[in-house]
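Note sheet for the following structure.
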Protein chains: 2
Amino acid sequence: MNELHAVDLAAGDPATWRITQHGFDVDAQHHSETVFTIGNGQMCVRGSFEEGYPDDHPAAFMHGVWDDMPVSVTELANLPRWWGVDLWFDGQRFRLDTGRLLSFTRSLDLRTGVLSRSVRWEAPSGAVVELGFERFVDFSSPHRAAVRVSVASDRPVRVRTRAGLDAHVENTGLLHWRLVGQDADDAVAWLHTRTRATGIDLGSACAVTLDGVEADAVAGGTDGVPTVEHTFELSSGRTATLTKQVAVVSGIDASSPATEASRLARDAAAAGWDALREASDAAWLRVWERSDVVIEGDPEAQVALRFSLFQLLIAAPRFTEHASIGAKTLSGFGYRHHVFWDTETFMVPPFSYTQPEIARNMLLYRWHGLAGARQKARANGRRGAQFPWESAGTGEEVTPTWMVDPGDQSTLVRVWTGDIEIHITADIALAVMQYWQVSGDDTFMRDHGAELVLDGAAFWASAATSEDDGHFHLRNVVGPDEYHDRVDDNAYTNHLAAWHLRTAGSVAVWLAERHPERWSELAPALDLDAAELERWSEVAQAMHLPVGPDGLLEQFEGYFALTDLDVAELRDPARTISMQQRYGFEGIAATQVLKQPDVLMLAYLLPEEFSGEALASNYAYYDPRTDHEHGSSLGPAISAVMACRAGEPEVGYQHFLRAARADLLDVRHNAGDGIHGASAGGLWQAVVFGFAGLEVTADGWHTTPMLPKHWTRVEFGFDHHGVHRRVVVEA
Amino acid sequence: MNELHAVDLAAGDPATWRITQHGFDVDAQHHSETVFTIGNGQMCVRGSFEEGYPDDHPAAFMHGVWDDMPVSVTELANLPRWWGVDLWFDGQRFRLDTGRLLSFTRSLDLRTGVLSRSVRWEAPSGAVVELGFERFVDFSSPHRAAVRVSVASDRPVRVRTRAGLDAHVENTGLLHWRLVGQDADDAVAWLHTRTRATGIDLGSACAVTLDGVEADAVAGGTDGVPTVEHTFELSSGRTATLTKQVAVVSGIDASSPATEASRLARDAAAAGWDALREASDAAWLRVWERSDVVIEGDPEAQVALRFSLFQLLIAAPRFTEHASIGAKTLSGFGYRHHVFWDTETFMVPPFSYTQPEIARNMLLYRWHGLAGARQKARANGRRGAQFPWESAGTGEEVTPTWMVDPGDQSTLVRVWTGDIEIHITADIALAVMQYWQVSGDDTFMRDHGAELVLDGAAFWASAATSEDDGHFHLRNVVGPDEYHDRVDDNAYTNHLAAWHLRTAGSVAVWLAERHPERWSELAPALDLDAAELERWSEVAQAMHLPVGPDGLLEQFEGYFALTDLDVAELRDPARTISMQQRYGFEGIAATQVLKQPDVLMLAYLLPEEFSGEALASNYAYYDPRTDHEHGSSLGPAISAVMACRAGEPEVGYQHFLRAARADLLDVRHNAGDGIHGASAGGLWQAVVFGFAGLEVTADGWHTTPMLPKHWTRVEFGFDHHGVHRRVVVEA
């Protein structure tokens, strides 16, 4: 992948809308499968080849299609393979590890979400074949996709094609599907499968057509694999084109999903490729008009930001309010598609500003999960709603309690985040308030947002413990910096909890005054009375929030007493592993080194509380102690903003590049598991909130630009109270 | 299954060689798949239907083909499905959940290992079809099997058949295979797969022939599923017969296993069904001549014992010394085919007495695992060889350290057996000594057996701790009774350890005197010098072995102080769950109730130390406190022997029946996971060592019969020092 940037990104505007790969690199296969993921906000498919490749990680995922496996493994079931096309030339199966690859170019058009690939391949028989592949997932509706393969040859060649569906797919060695039914005729293959534990039905169908040659279609296949085959002689100079019009429908959306999928596939075939492309392209155009950010003077920054937005847009729930974006989007198996704080803190803001309907869906997903959050609070002896650290289909906690030790596959390590990384409840409230502030969506706030904020506050009031010092404490927690777990009075958590309690008090007043009928419904349902509201105010007031000289915060109780490692080691460019890998779980916890900003993350989120001297002193203390290069992928984008606020945009730009390259250049060597969604969302925030310095307050909005030297112009739009605003910042 | 016994077992001799099922019972499908398992000591296949059935658990396993999955999951990979035959009549797929089932009979001939099934089925088109299925695994050689299907119809019908191989198999949701290659022509389909973690290659092939009608064969399939298809019109009154000659070869046995499998399949097809049957039947005849036990006067006992022996014979390693029999044989997924103490204590004895070459293979399997046992001892700070509680391919410990709580799928329970159920090392030594005593196989003892016994003794000498009371102790162990884990000075463990140390001293003397060259090789290799041998004697002498009045032993330190539950509750026939399920893990551990005999197991194994008053008092105390009905499946057969020794053969017969019915009548509702191998081996011991009272000593052998009243005659054979002896006991 690296090369293409040197070549193409300098090529000007078209290249900044395109990710192109010249030549196939086997070692980067899983990385490029992730990068070339396409989708429509309902279903995504990795960039795995139509014909397959040894040890590839092919996958497609659809929102809502969760399945469970013991122990506590809940994940989206990899969809039956609908994008496959098998080809034989003169009896020899086409695959890039056979024959001879003469040329290879793959390209993703970010404007339209069309993935295309051109291959020249010499078959073992000697024939030189030109193959063209195109695929896209219809952006205008939830269930359709299309695949097209064209073949031509330098001499007469016998071609066999097999296109269909395949239920024999896996989630990294685990099976989620049972076969219910299937069939194929000479035009359409369909498949009906059901998830093993959750019993979700899925219908997949494809209509197969062949143009450019005459050939009879033959239905075939084996159990779980209905197919349509063609065999024909292709003369030199002729091009044959196979088109698969695909539909995938789950039982969540239709009562007879296989019938519905077949109908959609037949209709699409009747309408034709161009009609579907037109509808899809038009939908993309409408979205980019609101979401695109133009950066002039820096093609790498430009394409990286568009790529990040593309990856978020294809994974974001555009057609449902019962799903959100997982930590690794819909582009891989990483974190089993679970939704973390990454979503509200890093990914929701770009949507709140540019696609408010999608941000609303994502927040409604949390609202639908309130029962799970309440159950978690009760199980822990708390009140209100304690949101799960990891959330899947129902809003119940799905964090595994144990994980395999990466260094010793036979050992299990206890995972504490699901028990005590409690800050997520405030992170969600913050996302609600931010959405409300920029959108002015009072209806959402009345019907759903207020409930999220109020019931979360009830959790904080019951979780904070009153102690002899007259303060409230939150002990035994994990803050954003996971190098230090099980700590007392984490500044991030305590400050956000106090902010949440104060904010909830204001929301209660707003609701009672402006929507008394809703308040009179909600207050008894949530057990909110004057005493409870009084308690919120009291806890917020007396929360243990110690402040040192110059406004410096201690990350948690006892942090300053930890070993203060030499900064030179942290900044050693020769280091290739994280500080945690270097010192071990316990070793690194005994030092002041941070996996990611923790106090600075707090300062980022609550700018009104951290300005002037307080901002400067915390930035000066914590930024050098952060493992920017090898710590959390969540850190760099936020560090970029904080560097801007500290008046150091060039330092900020270095952080920005780390986030920009996380997936495109696979700097963490784990992009194969899926896109780093938080990094992608953070990248937009780095540009808009950092370099462009946009701030929306109760009084309106303004910018405080702080562009890197070589950026000549930044232009973006955002929706402010229903009005689309364009912002241009010039150097 | 229950019905058939009422009907058939009373029918006299032929029925006592046959397990027959009339009518198909969906609810018992997994149970009957286990019962109708067939095999040849290298490969077994469950009784799953050729055509499949919804929610069936089809599986075949081959010795040695292990694969790993995190965390510490090592199991035999379910083999690619080679026994499948798909059939369509007038376009309608044949399966018993469609159309109308008019009659169904399935029968397993224990004499020949042939499984047959007759089905009359009305297709949805109205045609009434007669189907006959037969299959067997060639008992005369390791790699071959055959499947035959005949079809006839009451009216002309269009028939389509598809026979091939299928790599899309699973181990209860986990995948073990990668596809390497495949092909099919009009006669043979072959498949080359490789285990994912261990990289074991497997070649499968089948030669397909069709007799009785004219039809062209067509090669076909999809990835992982090479097939040979036939389509033809079948006139009424004609019978078409499809034959699949199968070969399965692993890379352990051949360098090009797929080529070798194809060759074997073609050769078998050339030779024909009858030739293969003849060879297989002859091999079975030779085995039964030595292994059969005749019980007259009790058809149920007769068929149950033959069934148990059959199940052991098909799972026993007849072609390799690198495998043994797992706790659930090769008939299911239970316990992942791991080898426990069940093998040496319950399953090896019948082989030592009737098929000594197989017993030798099973003991050599332990000898090949010595490196793993030594590694385990070293890891625990011990010397010598500490055998793993669960063993798979290499002899390393493969017991999981955690298991999912059956009552709460999200919780893990720590499993202690792999850490501290140490008695298995002495159990293996006991099996070695017993094999040596009855076989007189000095060569084995010199080359392999002595090393097993001596290196195990070194473990015990290093594991026992000397304490202030002047005794050696073994603290924090688990004995056979797993209702009580983490106990001190378990009588079973301490007594067997002392026995093992004394025995090893004698073996050392024997080896030094009779085979000084081997001793001079082994002694330095195992660090055995005079001081070490002296220590063995000292530890054995001073082992803490307290004996109470009348020779009563306390099962472990503190046992007598536990709550002594009312025996009436234990014997309540209305109880349907185990006492552990009733009282919980901790609840039952606080009582004297036993999962299985522990002190009595010791008395069973060391009869010279427990006779007269000591036998009587321990039997009187412990037998009533045992959860015979719902505790361990290992207990009943041994309780049967002990009842005989206590002079109560009718009580013994009740225990015997529990073991006899464990799998045939699925009394524990888990036979679907596989045959209870220990119960099967125990059943032979109950008859031969219990009711017939056979005892082999250094001076020869004798019987002390104690038949149940209705048994008129028992006849069996055993090999004593290379001479086959026939024993007849008459009432």
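Every chain is numbered from 1, with letters handed out A, B, ... down the list of sequences. In this text, all values refer to a predicted model and were calculated from it rather than measured experimentally.
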To the closest 0.5 Å, what do you measure between CD1 (A:Ile200) and CH2 (A:Trp66)?
10.0 Å
Sidechain N-carboxylate O distance under 4.0 Å for A:Arg81, B:Asp223
no
Can you tell me how the ring of A:Tyr335 sits relative to the ring of A:Phe340, calling it parallel under 30°, perpendicular over 60° and tilted otherwise?
perpendicular
Taking 4.0 angstrom as the limit, do A:Arg194 and A:Asp201 come out as a salt bridge?
yes
Classify the ring geometry of A:Phe333 against A:His57: parallel below 30°, tilted from 30° to 60°, perpendicular beyond 60°.
perpendicular
Looking at B:Asp56 and B:Arg95, is any side-chain nitrogen of the basic one under 4.0 Å from a carboxylate oxygen of the acidic one?
no
Taking only heavy atoms into account, what residues of residues 168-182 of chain B are found under 4.5 Å from chain A?
B:His168, B:Glu170, B:Gly173, B:Leu174, B:Leu175, B:Arg178
